[in-house]
Amino acid sequence: MSSIRRTALVTGVLFLVTEVAAIAGLLLYGPALKDAGYVLGAGADARVFAGALCEIVLVLAVIGTGIVLFPVVKRCNEGAALGYVCGRLLEGAVIALGIIAVLSVVTLRREAPGGEVATVARALVAVHDWTFLLGPNFVLGANTLVLAVLMYRSRLVPRFIAVLGLVGGPLICASAVAVLFGVYGQVSPLGSLAAVPVFAWEVTLAVRLIVKGFDHVARLPAA
């Protein structure tokens with residue numbers, strides 16, 4: 001297997017891992033994020049810890065996609081490729097901040113039981129919610145747009161796949177602005193609908209890279 005084919009395979013797997021880990025983490029976090037009485041009750045700490053572990057995997061996979069792709073996409077545009085790596089690092093850092101906020105809720109429940117901690121717990125959940133808006137919405141949208149432009153211009157994947165990213169990146173950013181100004185909730189039918197093109201872009205790109213690899217690599221400038 002050539003190094004380019006291996007890069008495509010690893011990148012595809014990492015993109016799929018980001019999707020699975022993100023969904024699993026959000027579902028497992030449910031008690032801490034949605035149950036106002038979580039911090040005062042018996043808690044579901046093991047479930048929250050499992051969610052945190054999923055999000056740690058998510059952070060590693062997000063950063064990994066940028067690092068693994070860099071040697072290939074820098075041959076299209078080195079500045080944009082470097083920007084994509086930095087954007088993925090920022091996205092991972094923001095997600096990590098959200099993990100810390102949720103784990104801090106567990107610490108509050110264990111170490112400082114009582115009604116007075118409920119407000120602090122809600123504030124920490126709010127920190128997680130804001131990081132979710134900033135990382136997997138604003139920053140993800142910008143990263144998606146950068147990579148989709150690189151893929152579209154280089155034709156490393158079929159252009160219909162790149163178009164999904166060209167549509168999905170700006171759309172999820174626009175949705176995040178709508179959430180920011182209270183037009184609709186972060187977890188809502190409209191918010192979920194706005195995320196569909198980005199989800200389709202990442203899954204379709206992943207499957208394509210795993211099954212077929214990159215197209216037209218020979219046309220790119222030498223590394």
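All figures in this text were calculated on a predicted structure; none of them were measured in a lab.
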*Can you check side chain to side chain contact (heavy atoms under 4.5 Å, CB included) on L26 and L33, steps first, answer last?*
CA-CA 9 Å; L26 190 60; L33 299 181; 4.3 Å; yes
*Do L150 and N77 pass the side chain to side chain contact (heavy atoms under 4.5 Å, CB included) test, and can you show the C-alpha distance, the side-chain angles, and the key distance before you say yes or no?*
CA-CA 7 Å; L150 286 170; N77 185 310; 3.8 Å; yes
*Determine, step by step, whether I210 and L16 satisfy the side chain to side chain contact (heavy atoms under 4.5 Å, CB included) criterion, reporting the C-alpha distance in whole Å, the side-chain angles of both residues, the deciding distance to 0.1 Å, and the verdict.*
CA-CA 10 Å; I210 291 170; L16 287 182; 3.6 Å; yes
_Let's go through M151 and L147 carefully: what are the C-alpha distance in whole Å and the side-chain angles of both, what is the deciding distance for side chain to side chain contact (heavy atoms under 4.5 Å, CB included) to 0.1 Å, and is it a yes or a no?_
CA-CA 6 Å; M151 292 294 180; L147 184 59; 3.9 Å; yes
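Here the side chain of N143 pairs a donor or acceptor atom with the backbone of G87 at under 3.5 angstrom.
Counting all heavy atoms, side chain and backbone alike, G66 lies closest to Y84 at CA-CE2, 3.8 Å. The heavy-atom pair separating H128 from A101 by the smallest distance is N-CB, 4.1 Å. Nearest heavy atom pair, residue A194 against residue L171, reads O-CD2, 3.6 Å. Considering all non-hydrogen atoms of both residues, Y29 and V48 come closest at CE2-O, 3.5 Å. Between G165 and P170, the shortest heavy-atom distance links the atoms O-CD, 4.0 Å. Across every non-hydrogen atom of G12 and A206, the tightest pair is O-CB, 3.2 Å.
Summarising the geometry, atom CG belonging to L156 is positioned 8.5 Å from atom NE2 belonging to H216; distances are rounded to the nearest 0.5 Å. Note: L193 CG to S175 OG = 9.0 Å, rounded to the nearest 0.5 Å. To the nearest 0.5 Å, the span separating CZ on F214 from CD1 on I4 amounts to 7.0 Å. Atom CH2 of W201 sits about 11.0 Å away from atom CZ of F160, to the nearest 0.5 Å. Here R47 contributes atom CZ and L28 contributes atom CG; the two are 6.0 Å apart, rounded to the nearest 0.5 Å. We find the CD-CG distance between Q186 and N137 to be 6.0 Å, quoted to the nearest 0.5 Å.
Within the 4.5 Å cutoff, side-chain heavy atoms of R208 are placed close to those of D215.
For the side-chain hydrogen bond (donor to acceptor under 3.5 Å, both in side chains) test, no residue two or more places apart in sequence or in another chain qualifies with T18. Scored by the salt bridge (Lys or Arg N to Asp or Glu O under 4.0 Å) test, E202 finds no partners at all (sequence neighbours excluded).
Its side chain within the 4.5 Å cluster rule, I172 clusters with L140, V198 among the Ile, Leu, Val, Met, Phe, Trp and Tyr residues. Side-chain heavy-atom separations under 4.5 angstrom define the hydrophobic clusters, and the remaining members of the one that includes L166 are L145, V149, Y152, V163, V167. Membership of the apolar cluster around V177 extends to L90, V94, W130, L133, L134, F138, V139, V179, L180, F181, V183, Y184, L190, as traced through chained side-chain contacts below 4.5 Å between ILVMFWY residues. L53 belongs to no hydrophobic cluster with other residues, because no ILVMFWY side-chain heavy atom falls under 4.5 Å from its own, directly or through intermediates.
Under the 4.0 Å criterion applied to side-chain N and carboxylate O atoms, R122 and D129 are not assigned as salt-bridge partners.
The number of heavy atoms from other shown groups lying within 6.0 Å of CZ (R159) is above 12.
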